[in-house]
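So the structure is just underneath, and the comments pick up after that.
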Amino acid sequence: MAANIRWMKTHCARMDHGGCALMVGVKDNRIVQIKADPEGVLNRGYICPKGVASAERLTHPQRLRQPLRRRGERGAGKWDPLTWPQAISIISDNLARIRDREGARAVAFCQGMPKGLEHFVLIRLANLFGSPNVTAVQDVCHAPREISGVHTCGFYPVADYEHESRLVVLWGSNSTDTNEEGLICSRLLNRIKQGSDLMVVDPRKTQLAERAKFWLPLRPGTDIALALAFLHVIITENRYDQNFVRQWTSGFEPLAEQISDFAPESVSEITRLPARDIRAAARAYAAASPSAIGWGNAVEQNRHAFHTARALVCLMALCGNLDVPGGNIQALDPPVLGLREFVKADRLPGKKEEMIHARQGTLRGLMTVPPSFLKRAILDHMPYPVRSAYIQGSNPLLSWADSRQTFAALNQLEFLVVSDIFMTPTAAMADIVLPAATHFEFDDIGHYGLGHGIVLARPKAVVPPAGCRPDIQILNDLGKALTDPDDWYEDCRDMLDEVLRPAGIDFDGFARQGYLKGPERFRKYIGSGFRTATGKVELALSRAEELKVAPVPAFLGSLEEYHEYPLVLTSAKNPYYLHSSYRWVPKLRERSVEPVVLIHPETAAGQGIRDGTPVVIETRSGQIMQFARLSEHLPPDVICASYGWWFPEDKFSPQFDWQSANYNMLTTTEHLGREFGTPNLKGVACRIRRK
Ligand SMILES: Nc1nc2c(c(=O)[nH]1)N[C@H]1C(S)=C(S)[C@@H](COP(=O)(O)OP(=O)(O)OC[C@H]3O[C@@H](n4cnc5c(=O)[nH]c(N)nc54)[C@H](O)[C@@H]3O)O[C@H]1N2
Ligand SMILES: Nc1nc2c(c(=O)[nH]1)N[C@H]1C(S)=C(S)[C@@H](COP(=O)(O)OP(=O)(O)OC[C@H]3O[C@@H](n4cnc5c(=O)[nH]c(N)nc54)[C@H](O)[C@@H]3O)O[C@H]1N2
Ligand code: SF4
Ligand SMILES: [Mo]
């Protein structure tokens, strides 16, 4: 049998941000085995369980295999099959009708976690269609880090795991479970093996925290207070890089003034960390040069996101860790087509002023609409009505804060299209469901536009089922039907060549080569300065007044304190799933069968809760049910619940029981961070009891 297997190389995708180089064994148009490629540029032989199982998605018996049109009530689970030409013409007729009646802005284009080129093709379609409203999950994922970084030092500082660091700080990031685009954990583990010390800022004692020299189990949602205390120690004890600060930063005085109240002793009660631990950790960061901060979602999943991200960039700057090998660097892209050009940004010059959130005081640079503002536009017509949405690769009913409100908003839409590979709770509400072809089934480019300095070839391994089409092809067809066909391609594969052309390579050559990497250069500010208004790292933002933001990072008070809700709820992502995706993949489901909530044994004992007890978790916004798992690896007043659970096996509910265990039934969009519209997802006041 082995003799009939054809092996090819590609990169993993759509199981997280992707990045591992894979060896894929194919027989009769079926993937029979997936292995790590030992030569992989980012993973060097590493693969995770999701990667190994990823081919099971392609052949699942319930995978979507033809376009569907809703019959009867929204969400009732009754469908009529459509041909592709029928589906494209129904969608374009409806979107064009709404555009003619109320303007293009009444149609929103929504993307979940960006998976490949489709994200940018969707933005291109929105721009050419004339709608400024592309919604993404950026409010809680990357925008706070990226855009705060750009305003502070002119770039998005990513941890450099390629070069030696004396210390790696994982701040609200848990890479062994959650690989990020360029940051495959094998690179981090290799750094630790080579002798880097590790510091982990995480309420849970994760696998990495167990190996860390410093573990700071802070109270969820208090990262900003801790970061200010780090700055306090480093500034008041003169432990910063004096030369760098003098030559390359501005606004040191206002920052020093700001942190004067944040001595470790003062934030100890807020963060629940002993002052001496905070002091020791801050000193260690200052002493270890170079040092890289691997920052994760926890920094940006509450309304302090902007301030926390800013404070961390200030830390990097003060200790001379910006753009040095082994620090936090500006990765340079290879010479592929610029994003603005690809998405045809020039066709919609008024976008910034017309986006739904234009007048909400969000930070300049946020070019996608935070979901909470989109929902207001749909439900309350604020600032104007949105009537229709095209959702691609996303399951908002599970992934957006306040699921009940999301349900109401989707329900209110005049016309909803969802493109997915499986019938999800969100797809079940659509008027039209489109069956996407997925990874391994079409040629794609990975990590384009994500600021990690590398793009990866994802050549296809098999032909998709006859009824399934790649999103980029669907969008290309819709583009031709709805906008000037000259702006689109004869074959969607031509898009890939267009992106690669400036690098002097076509997709076939790229696939053979595997990846393109930008030049490796450090301390790029020498000579040209930092790309900010002052040419320096702006510890205090010189344009704060114009941007209407706080000039220096500030602590805005505790996230939530309600005495009827004495515990703090947080979450961490599941190593076997991607958000709400893939509970239906058997090889993954057997490794994580049901939603569990971690509780300290003391807290559990007080409530008569044992391992496996079904428990009710309640916040002011709602309640859900998950199964208790006792753990001493988190503080007694913190619980860590599972996020993303629905039950694809539920035959009795056409929307697969999206409510009973869904974490976002517990969150609200009432209080949002002003700069990015970020809701509090982590650090929510809660209580727990036996069911
Ligand atoms: N409470 C809470 N909420 C969160 C988070 C959290 O930590 N806590 N995390 C946030 C973060 S970081 C993010 S990025 C978002 C993620 O939000 P989403 O992207 O909405 O997350 P998923 O649930 O993974 O939904 C992705 C959907 O894409 C489908 N899919 C997979 N491959 C393809 C494909 O090739 N084509 C198409 N059309 N569909 C495909 C999957 O089947 C799945 O239904 O959630 C955010 N929401
Ligand atoms: N297996 C898997 N991998 C993924 C994903 C997935 O869904 N599953 N999603 C992908 C995506 S889109 C993203 S953005 C990344 C995100 O990856 P991460 O940034 O690692 O995201 P999380 O797992 O949400 O949170 C990281 C850590 O924060 C801790 N934490 C919780 N609350 C707090 C807090 O208030 N403060 C601090 N400091 N820590 C806290 C949690 O215990 C957890 O260990 O992962 C990517 N990779
Ligand atoms: S870590 Fe991510 S890219 Fe690597 S195999 Fe797992 S899912 Fe794929
Ligand atoms: Mo994300």
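One-based numbering, in listed order, for ligands and for the atoms of each. When reading the values below, keep in mind they use all heavy atoms of this one structure, side chains included, and skip hydrogens, waters and symmetry mates.
Taking the six-membered ring where tryptophan is involved, the planes of Trp584 and Phe422 are essentially parallel, since the angle between them stays under 30° and well short of 60°.
Side-chain contact check for Gln111 and Glu118: at least one donor-acceptor pair (N or O, by modelled atom type) lies under 3.5 Å.
Under the 4.0 angstrom criterion for non-hydrogen atoms, Pro575 is in contact with ligand 2. Between Gly683 and ligand 2 there is no heavy-atom distance shorter than 4.0 Å. Residue contacts with ligand 2 leave out Cys48, since none of its heavy atoms falls under 4.0 Å from the ligand. Look at Met15 and you'll find every heavy atom at least 4.0 Å from all atoms of ligand 2.
Checked for salt-bridge contact, Arg145 and Glu180 meet the test: a charged N lies under 4.0 Å from a carboxylate O.
Taking only nitrogen or oxygen atoms, main chain and side chain alike, Asp16 does not reach within less than 3.5 Å of ligand 2.
Not a single N, O or S atom of Cys20, from either the backbone or the side chain, sits less than 2.8 Å from atom 6 (Fe) of ligand 3.
The side chain of Asp223, and not its backbone, has at least one atom closer than 4.0 Å to an atom of ligand 2 (non-hydrogen atoms only; side chain from C-beta on).
From Phe647, atom CZ reaches atom CG of Asn662 across 9.5 Å, with rounding to the nearest 0.5 Å. Summarising the geometry, atom CG belonging to Leu567 is positioned 10.0 Å from atom CD1 belonging to Ile617; distances are rounded to the nearest 0.5 Å.
Between Pro203, Gly172, Gly112, it is Pro203 that holds the heavy atom closest to atom 40 (C) of ligand 2. The closest heavy-atom contact to atom 24 (O) of ligand 2, among the options Met113, Lys682, Arg219, Glu180, comes from Lys682.
Heavy-atom contacts of Val201 reach the following atoms of ligand 2: 37 (C), 38 (N), 39 (N) (cutoff under 4.0 Å). Proximity to Gly296 (heavy-atom distance under 4.0 Å) selects the following atoms of ligand 2: 19 (O).
When the N, O or S atoms of Asp16 are ranked by distance to atom 2 (Fe) of ligand 3, OD2 comes first.
Closest approach of Lys460 to Met8, counting heavy atoms only: O-CE, 3.1 Å.
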